[in-house]
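Working notes, beginning with the structure itself.
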Amino acid sequence: MNFKKRALKESNTEILPGPSVGPGAGITSLIIEAINGEWETIDKYNTLAINAREEGFHEIAAVLDEINTEENKHVGQLQELLKQ
């Protein structure tokens with residue numbers, strides 16, 4: 001349990017910087033904001049899943065894990081957009 005919570009905190013420490021001027025600065029900033037929002041959502045679902053497991057709600061935790069898998073895919077998709 002402590003390992004999972006520690007891993008969550010470490011994964012959320014990386015906030016991506018974005019350009020504040022120049023062509024594409026607006027969309028870049030918005031994509032970075034969306035990525036950071038996804039990380040916050042992932043953290044919330046992880047916390048919910050951990051608590052559900054601790055309280056014996058394993059089916060609920062499994063659903064939250066599935067949702068989190070999708071959220072992680074969204075992060076990857078947004079990161080690909082950022083590269084463009």
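The first residue of the sequence shown is numbered 1, and numbering continues consecutively from there. Computed from heavy atoms alone, side chains included, the values below leave out hydrogens, waters and symmetry copies.
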Pairs of donor and acceptor atoms involving the side chains of residues 60-69, under 3.5 Å and at least two apart or interchain, shall be tabulated with distances.
unit_1, atom_1, unit_2, atom_2, d
Asp65, OD1, Arg53, NH2, 3.4
Asp65, OD2, Arg53, NH2, 2.1
Asn68, ND2, Asn46, OD1, 2.6
Thr69, OG1, Asp65, O, 3.1

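Atom CD of Glu40 and atom CD1 of Ile35 lie 12.5 Å apart (nearest 0.5 Å). The line from CD1 of Ile27 to CD of Gln84 is 11.0 Å long, rounded to the nearest 0.5 Å. Rounding to the nearest 0.5 angstrom, the gap separating the CD atom in Gln77 from the CD1 atom in Ile31 is 12.0 Å. For the atom pair Tyr45 OH and Ile50 CD1, the distance stands at 15.0 Å (nearest 0.5 Å).
Judged purely by atom type and a 3.5 angstrom limit, Asn51 uses its side chain to pair as donor or acceptor with the backbone of Thr47.
Remark: Glu59 pairs with no residue by the side-chain contact (heavy atoms from CB on, under 4.5 Å) rule, at least two apart or across chains. By the salt bridge (Lys or Arg N to Asp or Glu O under 4.0 Å) test, Glu55 pairs with no residue at all, sequence neighbours left out.
Side chains of Leu78 and Leu81 form a contact here, defined as non-hydrogen atoms less than 4.5 Å apart.
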